[in-house]
Amino acid sequence: EPEVTQTPSHQVTQMGQEVILRCVPISNHLYFYWYRQILGQKVEFLVSFYNNEISEKSEIFDDQFSVERPDGSNFTLKIRSTKLEDSAMYFCASSFEPLGDYNEQFFGPGTRLTVL
Amino acid sequence: SQQGEEDPQALSIQEGENATMNCSYKTSINNLQWYRQNSGRGLVHLILIRSNEREKHSGRLRVTLDTSKKSSSLLITASRAADTASYFCATGGYSSASKIIFGSGTRLSIRP
């Protein structure tokens, strides 16, 4: 069964460093998402991406964040200068069509980011 | 805001019993989904129910949706130790079709 994969599973970085979290969505999916979950809190939407551009982003997704689909298979989230409060589990998701058409989003296993 | 909130926040039951978790939300939705998350792990999609559906079954799972009350319930029958996890409802709306909004979750513990 096709699945969303994410690498690395755990990333430890120093405050102020740049990190890139990688995702490989399901191959025929067209819509891509990043969510995050701070330990013990809700899963929060960050950004959605379609047709090589951002469809929607939350207020969390500020100028420190960027997304890219560099090669038609990978989907990346870059945090330019990490802060302590960026420590969280980051989930990538993909869907074939927007949720309004009843297709669900398939989530990857997550990358745990720890900022020291 | 369009938001799912589950209750109870935590539920502990004996193996073999049924577990019922509830979710309430604020605005009109296109669909509602339930996810499971084992501690520190990823999100597993359990079931999606459309706004024009009232009930849906999948194995030991039964989901109901009452759009007039803006609420949903997830019933797990004949619970097993492996069902121990957090369960989240997530809503998809008409105006923001590209994202889903998660509730706070119910932590379910199954006692052997």
Tell me, yes or no, whether the heavy-atom count around [X] atom [atom1], taken from other residues, nucleotides or ligands under 6.0 Å, exceeds 12.
X        : atom1 : answer
Lys57(A) : NZ    : no
Asp62(A) : CG    : yes
Gln9(B)  : CD    : no

With a 4.5 Å cut-off on side-chain heavy atoms, are Phe107(A) and Gln37(B) touching?
no

How many angstroms lie between atom CD of Gln105(A) and atom NZ of Lys99(B), to the nearest 0.5 angstrom?
11.5 Å

How many angstroms lie between atom CD of Glu6(B) and atom NZ of Lys42(A), to the nearest 0.5 angstrom?
8.0 Å

Determine, using the 4.5 Å side-chain heavy-atom cutoff (strictly less than), whether Phe102(B) and Leu46(A) are members of one ILVMFWY cluster.
no

Please look at Glu44(A) and chain B and tell me whether the side chain, the backbone, both or neither of the residue comes under 4.5 angstrom of a heavy atom of that chain.
neither

